[in-house]
Amino acid sequence: MSQLNSQQQRIVSHLEGAALVIAGAGSGKTRVITHRAANLIKQGVPPGAILMVTFTNKAAEEMKRRIQDMAGGEANTRGLMAGTFHSMANRFLRRYGNLIGYDNNFTILDDTDSRDLFKAVIADMVPERQQSNGRKFPTAAVVQGVVSMGFNRGLELGELLERDYPWLIEWMPELEAVAAAYRARKKTSNSMDFDDLLDNWCHLLATCKNLEMAEKLRFVMVDEYQDTNLIQAEILALLAAKHGNIMAVGDDAQSIYGWRGANFRNILDFPERFGGQVFRLEQNYRSSPEILNLANHSINHNTEQFEKRLEAIRPAAGLPGMACLRDEYEEADYVLEKIMEFRDRDIPLSQMGVLYRNHAQSAVLQMRLSERGIPFQVRSGIKFFEQAHIKDVVSFLKVLFNPLDEIAWLRILKMLPGVGNVTARKIYGIFSRQRGVRLAPDNDELNKAVPAKAREQWKEFSLTMKALLADGVGPAEMISMVARGFYHTHLYSAFDNAPERANELEYLSEFASRYGSVERFLSQLALVGAAVIREYEEEQEDDPEFLILTSIHQAKGLEWDAVFLIGLADGRLPHARNLEPLPRLEEERRLFYVAVTRCKRFLELTVPLVSYTQGRAEICRPSRFVEELPTGALEVRQGSREAESLTPLLGQGPGLSVEW
DNA sequence: GAGAACCAGCTTTTT
DNA sequence: GCTGGTTCTC
């Protein structure tokens with residue numbers, strides 16, 4: 001690990017007061033704040049007095065790992081408050097939720113849960129919703145998106161609709177009603193969605209002063225500040241109000257979460273809001289001058305950005321390359337060939353990364369890699385925890401932990417024969433009216449509600465629940481008890497690939513055995529999702545040599561010697577939906593910027609000219625982000641002959657479609 | 001009112 | 001190919 005330069009040194013030894021660090025890609029920004037945290041600890045600041053937050057799980061993991069390394073092991077950092085905004089919110093609310101009207105055993109609704117709840121709300125509230133002059137009420141997913149966007153941008157529904165969803169204005173009153181009902185249902189079922197975690201954390205800090213956990217914190221640090229939204233900035237302000245020791249690190253050029261309400265203007269507003277010093281890190285320690293040159297040229301096309309000039313420190317490494325290939329299959333073969341080449345030049349697989357705009361783009365490559373026996377890991381949304389059977393079984397633990405969890409109850413109840421939406425609601429209604437769940441046989445009201453068809457299974461269900469409640473049963477045992485007991489029948493009648501799913505449930509149980517308490521297990525599941533299981537898999541991995549495939553969004557903060565940026569066709573990156581308005585296009589360009597600046601030495605861009613979607617073939621042109629680069633910024637590699645035969649067609653613009 | 005069977009639309013990125 | 005929604009039948 002190299003020495004710190006003088007500017008980095010100044011930041012590391014900055015002790016008191018506010019500070020903003022505007023830092024370019026590869027300038028060591030995460031390194032600087034983790035260094036500072038380790039430094040504070042070495043100087044005797046208790047780890048529990050330091051809060052370090054960031055937005056993504058990936059970045060949070062990296063941050064924690066580095067601090068541990070620098071501070072000399074886990075023991076020295078015990079008590080450190082480090083993680084994502086959402087997980088820190090969870091810690092506060094598990095302890096103090098009761099102060100703002102929640103039970104501390106609240107459930108966290110993940111994306112799917114929240115959508116399910118919207119679905120239920122909509123079904124009840126707008127039965128005659130089918131049409132207003134022939135138009136349909138928006139789906140649960142759309143409503144969920146709108147409501148969440150309003151929250152994250154701090155906008156009233158009306159204003160938001162006018163600005164971004166004019167076609168939904170006609171539904172305004174219904175949407176208001178649905179949003180209000182959704183809020184109420186979350187409250188009665190003692191659950192919080194992701195937005196609530198932030199909202200309630202903020203609310204808690206604003207209304208309850210002198211919380212022990214907050215009082216203890218004397219140093220607040222945020223990484224990737226450009227990814228925060230208004231409420232996150234507000235939370236930070238509340239946390240730092242007393243001591244004023246807040247350090248934010250960010251790079252406006254890497255702001256790629258605008259679509260979910262992040263606002264890189266938070267960086268601009270920082271000096272006004274917090275005062276203090278402003279540092280700049282403009283030396284890039286990661287990439288070759290050629291790569292940096294390409295990145296700088298690209299980002300300069302953006303009109304909305306702060307002046308910043310990144311200076312390369314590393315030696316020259318040759319021009320980045322670009323190749324046009326016929327389609328994804330040829331592209332995959334090309335990438336494979338290059339991987340072999342790099343390997344021959346002694347670059348280990350672990351020093352190569354393949355990046356793409358969206359997950360689907362990696363499918364063909366994954367297939368080829370498996371065929372050739374090249375080990376790889378996909379760093380992206382494995383939807384493991386969002387599959388039906390996983391959610392089904394986890395629901396049992398959820399209702400044990402939070403008996404008012406409506407979503408979990410509805411899932412479970414609907415597994416009973418003869419019970420559908422209506423009956424399930426009725427039964428849940430009984431639980432919530434009785435302010436608790438009594439499955440005892442003398443609960444007459446309940447017995448009446450359970451249909452005759454379901455009697456047998458209901459009995460079995462009650463027995464299973466009783467068994468789960470026995471002392472000393474941890475999450476792992478609970479899962480296998482449910483999977484082998486009550487759920488078994490349902491699994492085999494509902495899914496054609498039941499044995500496979502049964503295996504996955506065993507796996508889930510094995511995985512859960514790392515967690516001693518149901519609370520820890522459920523929180524981790526909801527907050528960290530796929531990332532946590534990936535970590536677990538990595539631990540199991542004997543061979544650490546594998547290639548990484550990842551979306552650009554999840555690649556932030558990472559770096560490799562060789563980077564492949566695949567699927568670089570106009571309409572993919574930039575994504576067709578974001579060609580306008582300008583701010584959206586510019587965010588796409590920042591995405592391109594983030595992708596290329598992950599690379600230290602060998603950057604390879606590939607363009608599949610033909611893509612097959614829904615049985616049609618479409619001819620694309622290379623991304624405009626490539627075409628707008630000056631000649632000499634990259635070297636065009638020899639693509640395939642077939643691809644070349646397509647080039648004359650390219651002038652005709654994107655989206656030229658051909659029936660195959 | 002439940003549940004099977006059929007049909008359409010779709011695939012951006014994360015907590 | 002998969003999900004979510006709708007329709008049809010019992």
Side-chain angles (χ1 to χ4, degrees), chain A residues 53-60 83-90 108-116 118-119 122-123 129-130 136-142 145 148-149 151-152 192-199 201 224 227-229 231-232 255-262 355-363 379-381 383 385-388 413-426 451 453-454 493-494 523-532 550-556 567 571-578 584 587-588 590-592 594-595 611 613-615:
Chain A
V53 278
T54 185
F55 173 62
T56 62
N57 279 306
K58 191 84 243 152
T84 61
F85 277 95
H86 291 85
S87 66
M88 292 300 106
N90 180 51
I108 299 172
L109 302 177
D110 69 19
D111 223 37
T112 323
D113 298 328
S114 141
R115 194 163 54 246
D116 286 349
F118 268 111
K119 216 180 287 172
I122 292 170
R129 75 201 151 90
Q130 306 312 354
K136 278 188 175 170
F137 192 75
T139 61
V142 173
S148 177
M149 184 56 91
F151 168 77
N152 282 292
M192 300 188 196
D193 61 20
F194 286 135
D195 292 340
D196 290 330
L197 285 171
L198 297 182
D199 198 19
W201 189 17
E224 311 283 9
D227 291 335
T228 56
N229 59 29
I231 196 143
Q232 288 162 332
S255 163
I256 53 177
Y257 288 98
W259 52 272
R260 56 159 295 288
L355 313 195
Y356 37 80
R357 174 70 231 259
N358 66 270
H359 299 313
Q361 286 173 277
S362 69
R379 289 290 173 91
S380 53
K383 288 279 160 60
F385 294 124
E386 308 213 344
Q387 299 179 78
L413 294 169
K414 281 195 267 187
M415 291 174 205
L416 298 165
V419 178
N421 267 321
V422 176
T423 314
R425 284 292 318 273
K426 206 192 312 174
K453 264 202 231 168
S493 66
S523 292
Q524 286 297 302
L525 213 58
L527 290 170
V528 190
V532 81
T550 171
S551 73
I552 301 171
H553 280 88
Q554 295 204 39
K556 199 148 71 157
R572 310 272 232 151
L573 179 62
H575 194 273
R577 291 197 186 176
N578 294 340
R584 288 217 194 181
E587 181 154 312
E588 294 287 312
R590 291 195 291 271
L591 212 43
F592 179 69
V594 168
S611 69
T613 39
Q614 299 149 25

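Chain letters run A, B, ... following the sequence lines, proteins first and then strands; every chain starts at 1.
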### Query
Does OP1 or OP2 of B:dT15 have a side-chain N or O of A:Lys58 closer than 4.0 Å?
no

## Note on the structure
Per side chain to side chain contact (heavy atoms under 4.5 Å, CB included), A:Ile108 is matched among A:Asp193, A:Leu525, A:Leu527 by A:Leu527

### Task
Starting from C1' on B:dT15, measure out to CH2 on A:Trp201 and report it in whole angstrom.
13 Å

### Query
Picking from B:dT14, C:dG5, B:dT15, which would you name as closest to the side chain of A:Ser551?
B:dT14

Protein N or O to nucleotides 1-3 of chain B N or O, pairs below 3.5 Å:
from, atom 1, to, atom 2, distance (Å)
B:dA2, OP1, A:Gly420, N, 3.1
B:dA2, OP1, A:Thr423, N, 3.1
B:dA2, OP1, A:Thr423, OG1, 2.5
B:dA2, OP2, A:Val422, N, 3.3
B:dG3, OP1, A:Gly418, N, 2.5
B:dG3, OP2, A:Val419, O, 2.9

### Value in whole Å for how far the P atom of B:dT15 lies from CD of A:Gln524
13 Å

## Note on the structure
Separation of B:dG9 atom P from A:Arg577 atom CZ, nearest Å, is 14 Å

### Query
NA contact type, A:Asp193, heavy-atom cut-off 4.0 Å: base, sugar-phosphate, or nothing?
nothing

### Task
Can you sort out the partners of A:Arg260 under salt bridge (Lys or Arg N to Asp or Glu O under 4.0 Å), two or more places apart, ordered by chain and number?
none

### Listed partners of A:Ala388 passing side-chain contact (heavy atoms from CB on, under 4.5 Å), at least two apart
A:Arg411, A:Phe495

### Query
Minimum heavy-atom separation for A:Ala424 to A:Lys414, with atom names?
CB-CG, 4.0 Å

#### Entry: Sugar-phosphate, base or nothing in reach of A:Tyr257, heavy atoms under 4.0 Å
sugar-phosphate

### Query
Atom CH2 of A:Trp259 to atom P of B:dT11: distance rounded to whole Å?
14 Å

### Task
Applying ring pair (Phe, Tyr, Trp, His ring centres under 6.0 Å), name anything that partners A:Phe55, two or more places apart in sequence or on another chain.
A:Tyr257

## Note on the structure
To the nearest angstrom, the NE2-P distance between A:His575 and B:dT13 comes to 8 Å

Could you pull out the protein-nucleic contacts involving nucleotides 7-10 of chain C (nitrogen or oxygen on both sides, under 3.5 Å)?
none

### Message
Once side-chain contact (heavy atoms from CB on, under 4.5 Å) is applied, do any residues pair with A:Val142, and if so which ones, sequence neighbours excluded?
### Response
A:Pro138, A:Thr139, A:Val146, A:Leu168

### Query
Would you say A:Gln554 reaches B:dT13's phosphate, i.e. side-chain N/O to OP1/OP2 under 4.0 Å?
no

### Message
Using the side-chain contact (heavy atoms from CB on, under 4.5 Å) criterion, which residues pair with A:Asp110? Sequence neighbours excluded.
### Response
A:Thr112, A:Asp113, A:Phe194, A:Glu386, A:Lys391

### Query
Does A:Arg115 place a side-chain N or O at less than 4.0 Å from the phosphate oxygens OP1/OP2 of C:dG4?
yes

### side-chain contact (heavy atoms from CB on, under 4.5 Å) against A:Asn358, all qualifying residues, sequence neighbours excluded
A:Ala360, A:Gln361, A:Arg572

### Task
Could you pull out all residues at least two apart from A:Ser255 that satisfy side chain to side chain donor-acceptor pair (under 3.5 Å)?
none

### Message
Whole angstroms only, please: what is the CZ-P distance between A:Phe55 and B:dT14?
### Response
9 Å

### Query
Separation of A:Ile552 atom CD1 from B:dT14 atom P, in whole Å?
11 Å

### Query
Taking NE2 from A:His553 and C1' from B:dT13, how many angstroms apart are they, rounded to a whole number?
4 Å

